[in-house]
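Okay, structure first, notes after.
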Amino acid sequence: MSGNSAQSTAESVDEQAPAEPSLSHGLKQRHLSMIALGGVIGAGLFVGSGTAIAAAGPSIILAYAISGALVMLVMRMLGEMAAAYPASGSFSVHAERGIGPWAGFTAGWSFWFLLCVAVGLEGIGAAQITHGWVPGVPEWAWVALFMLLFTVTNLSAVKNFGEFEFWFAALKVGAIVIFLVICVLAILGVLPDVDAPGMSNLTGHGGFMPNGTEGLIVGLLASVFAYGGLETVTIAAAESEHPVQGVAKAVRTAMWRIALFYVGSMAVVVVLLPWTAKEIPSKGPYVATLDYLGVPAAGQIMNVVILIALLSAMNANIYGASRMSSSLVARGQGPKVIGKVTNGVPRVAVLMSAVFGFVCVLLSYWRPDDVFAWLLNTVGAIILVVWFFVAVSQLALRRKLEREAPEKLVVKMWAYPYLTILALVGMAVVFVLMAREHDTRIQLYFSGGLAIILAIVGYARQKMAEKR
C-alpha cells in the first residue's frame with residue numbers, strides 16, 4: 001500500500017472520529033513505562049488479599065491466576081484499540097466508535113464516578129495511617145492535605161503527574177521485588193533461623209482447596225476487583241511523546257507483571273504461612289509473612305508501602321477522572337464548562353473530580369451508614385461494566401480496522417475473535433457468581449442500576465442529537 005493510499009484509508013477510518021481535548025504531550029516513555037509497571041500494584045493487593053486468602057486457602061493462587069487471565073485479555077483488547085486510536089477518553093472513545101455515543105457516555109461517566117469515589121476511599125485509608133503516626137492531626141485534615149497536594153499536581157503540567165507516579169511506582173515495585181526475593185530465599189531454606197516449609201502449607205490444613213468451590217469463588221471475586229488501575233496507562237498514553245509505541249510496550253509486558261506481582265505474591269504467602277493463620281486477615285498477608293520471617297518493624301515498613309500505594313492511586317485517579325470527564329465533554333457528552341483546557345491541562349475537570357472525591361470523604365463521616373454505603377455499593381461492580389464495553393467495542397472495531405486501516409493494528413488481540421468471546425463469557429460468569437453471594441449481589445444490583453440509568457440517559461441524548 002502506498003503512503004497516499006494508507007493515509008486515505010486512515011482518514012476514512014477516522015472520518016467520524018470523536019472529538020478529543022487538546023492536551024499536552026508531556027509524559028516521557030519512562031513515565032509511561034513505570035505507570036504501566038506500578039499501576040497494577042494497588043492497596044487492594046497489600047490489604048484486601050488477606051480476606052481472600054482466609055476464604056480460599058492455598059487455592060487463592062488459582063483464583064488470582066484465573067482473574068489475572070481475564071484481566072490480561074481485557075488489557076490486550078484495550079491495548080489494541082488504544083494503539084490504533086490513542087485517546088485520553090480511552091475505552092469511552094472506543095465504545096463510542098464501536099457501539100455508539102450512548103455506550104461511550106455510559107462507560108465514561110460510570111468510570112468517572114468510580115474513580116472519584118475511589119479517590120475518597122484512598123484518601124481515608126491514607127489518613128488512617130498518618131493519623132496513627134501523628135494522632136494530634138484529625139483524619140479529615142490529612143485527607144484535605146493529600147487532596148490539595150494532588151489537585152495542585154494535576155492542575156500543573158502533566159509531566160508533574162508523571163514524575164509523582166514514576167517515583168511512587170518505583171517505590172511500590174521495589175518493595176514488592178524485595179518482598180518476593182526474601183520470601184523465595186526463605187522457601188529455599190537460605191535464610192537463617194527460618195525453616196523451609198516445603199509444600200506442607202499447600203497440602204495440609206484441609207488441602208489445596210479447603211473450603212471447596214465456594215471458597216474459591218469468594219477468592220476469585222475478591223481478586224477480580226484487586227486488578228483496578230491497569231486502565232490508567234491507556235489514558236495516559238494519549239499525553240505521551242509516542243502514544244502508539246508507549247501503549248504497545250505497556251500492554252506487551254502486562255502478562256509477566258500480573259504473574260509476578262499478584263500470582264507470585266499469593267504463592268509465596270501461602271507456601272510460607274498456613275492459610276489458617278489469624279494474622280493474615282488481621283494484619284494483611286505481607287505484614288504477617290514478614291513477621292513470620294523475623295523482619296524487624298515489618299508492620300511499619302508495610303504501612304509506609306501501603307501509604308505510598310494509596311497516595312499513588314489518589315494521584316492517578318484524579319488524573320484519570322479529569323481526563324475522562326474532559327474527553328466526554330469534548331465529545332458533547334457533558335457540560336461544556338468542565339472541558340475547558342488551559343495550557344494543555346483540563347483544570348476545571350481536575351477541580352471537579354477532586355471536589356467530588358472530597359465530598360465522598362465528608363459523607364463517610366456525616367452519613368456512613370446510608371449515603372456513603374450507597375456510594376460504595378454503586379461502584380462495586382463498575383469495573384466489570386467497563387470491561388464489558390471494552391470487549392464488545394473491540395469485537396466491532398477490529399473488523400473495521402482490518403477492512404479499512406490494517407496498518408493501525410500495531411497491537412493485536414490474540415486469537416480474535418475467540419478469546420474476546422471467551423473473555424465476555426468469563427465476565428458473564430463473574431456476574432452470575434456475584435449474584436450468588438449476598439454482599440456482592442447488592443453491589444451488582446446497585447452498579448447495574450447506575451449503568452442502566454446512564455445508558456438510558458445516553459441513548460436519549462443520542463436520539464435527540466440525531467434529530468437536530
Side-chain angles (χ1 to χ4, degrees), residues 20-28 30-32 34-36 38-39 42-43 87-90 92 108-109 111-127 142-172 228-229 231-241 243 246 307-330 334-335 337-361:
E20 275 279 296
S22 302
L23 302 176
S24 64
H25 292 271
L27 292 178
K28 299 183 182 298
R30 67 180 178 89
H31 293 147
L32 206 61
M34 195 55 79
I35 290 169
S88 61
S90 187
S92 174
W109 285 116
F111 193 66
W112 176 84
F113 187 70
L114 166 65
L115 292 184
C116 290
V117 174
V119 166
L121 291 174
E122 289 141 7
I124 292 168
W142 281 113
V143 177
L145 177 63
F146 298 143
M147 202 71 76
L148 178 64
L149 171 64
F150 295 122
T151 301
V152 170
T153 299
N154 280 281
L155 285 173
S156 56
V158 70
K159 67 179 181 180
N160 293 328
F161 157 77
E163 282 299 321
F164 264 96
E165 279 307 289
F166 178 85
W167 292 109
F168 278 147
L171 290 167
K172 289 190 292 183
E231 306 82 8
T232 303
V233 70
T234 60
I235 295 174
E239 292 186 79
S240 65
E241 295 174 322
L307 177 63
I308 290 168
L310 287 165
L311 295 180
S312 171
M314 281 186 74
N315 188 34
N317 287 342
I318 291 174
Y319 170 82
S322 66
R323 269 47 180 187
M324 182 59 72
S325 57
S326 178
S327 171
L328 284 161
V329 171
V337 65
I338 299 172
K340 185 178 180 183
V341 177
T342 306
N343 295 328
V345 178
R347 290 179 177 169
V348 178
V350 170
L351 287 171
M352 180 187 73
S353 302
V355 168
F356 191 95
F358 193 64
V359 168
C360 293
V361 173

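All values below were derived from every heavy atom in this structure, side-chain atoms included, with hydrogens, water molecules and symmetry-related copies excluded.
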What residues, two or more places apart in sequence or in another chain, satisfy side-chain contact (heavy atoms from CB on, under 4.5 Å) together with Leu351? Thr151, Leu155

Once salt bridge (Lys or Arg N to Asp or Glu O under 4.0 Å) is applied, what residue pairs with a partner in residues 147-164 remain, sequence neighbours excluded? Arg30-Glu163

Would you list the pairs meeting side-chain hydrogen bond (donor to acceptor under 3.5 Å, both in side chains) in which at least one residue belongs to residues 337-357, sequence neighbours left out? Trp112-Ser353

Heavy-atom pair with the smallest gap, counting every atom of Phe356 and Cys116: CD2-CB, 3.2 Å

On a heavy-atom basis, the closest approach of Ala127 and Trp142 is CB-CB, 3.8 Å

Output yes when a side-chain donor or acceptor of Ser326 lies under 3.5 Å from a complementary backbone atom of Arg323, and no otherwise. no

Set of residues satisfying side chain to side chain donor-acceptor pair (under 3.5 Å) with respect to Ser92, sequence neighbours excluded: Arg331

Please name the pair of heavy atoms, one in Ser325 and one in Ala349, separated by the smallest distance, quoted to 0.1 Å. OG-CB, 3.4 Å

With Phe166, which residues qualify under ring pair (Phe, Tyr, Trp, His ring centres under 6.0 Å), at least two apart? none

Correct closest heavy-atom pair for Ser312 and Lys172 would be OG-NZ, 3.2 Å

Can Met314 and Leu149 be said to form a side-chain contact (heavy atoms from CB on, under 4.5 Å), step by step? CA-CA 10 Å; Met314 281 186 74; Leu149 171 64; over 6 Å; no

Where at least one partner belongs to residues 313-322, residue pairs that pass side-chain hydrogen bond (donor to acceptor under 3.5 Å, both in side chains), sequence neighbours excluded: Glu122-Asn317, Asn154-Asn315, Glu165-Asn315, Glu239-Tyr319

Check the pair Ile235 / Phe111 against side-chain contact (heavy atoms from CB on, under 4.5 Å), numbers first and verdict last. CA-CA 12 Å; Ile235 295 174; Phe111 193 66; 4.0 Å; yes

If you round to the nearest 0.5 Å, how far is CZ of Phe168 from CG of Leu310? 10.5 Å

Checking Thr153, Leu27, Val345 against Val158 for side-chain contact (heavy atoms from CB on, under 4.5 Å), the one that qualifies is Leu27

Which pair of non-hydrogen atoms, one from Ala316 and one from Phe161, has the smallest distance, and what is that distance? CA-CE1, 3.7 Å

Is any side-chain heavy atom of Ser90 less than 4.5 Å from a side-chain heavy atom of Glu231? no

Nearest 0.5 angstrom please: Thr232 OG1 to Leu115 CG, how far? 7.0 Å

Tell me the closest heavy-atom pair linking Met324 and Gly108, and the distance in Å. CG-O, 3.4 Å

Do Val355 and Phe358 have side chains that approach each other closer than 4.5 Å (heavy atoms only, starting at C-beta)? no

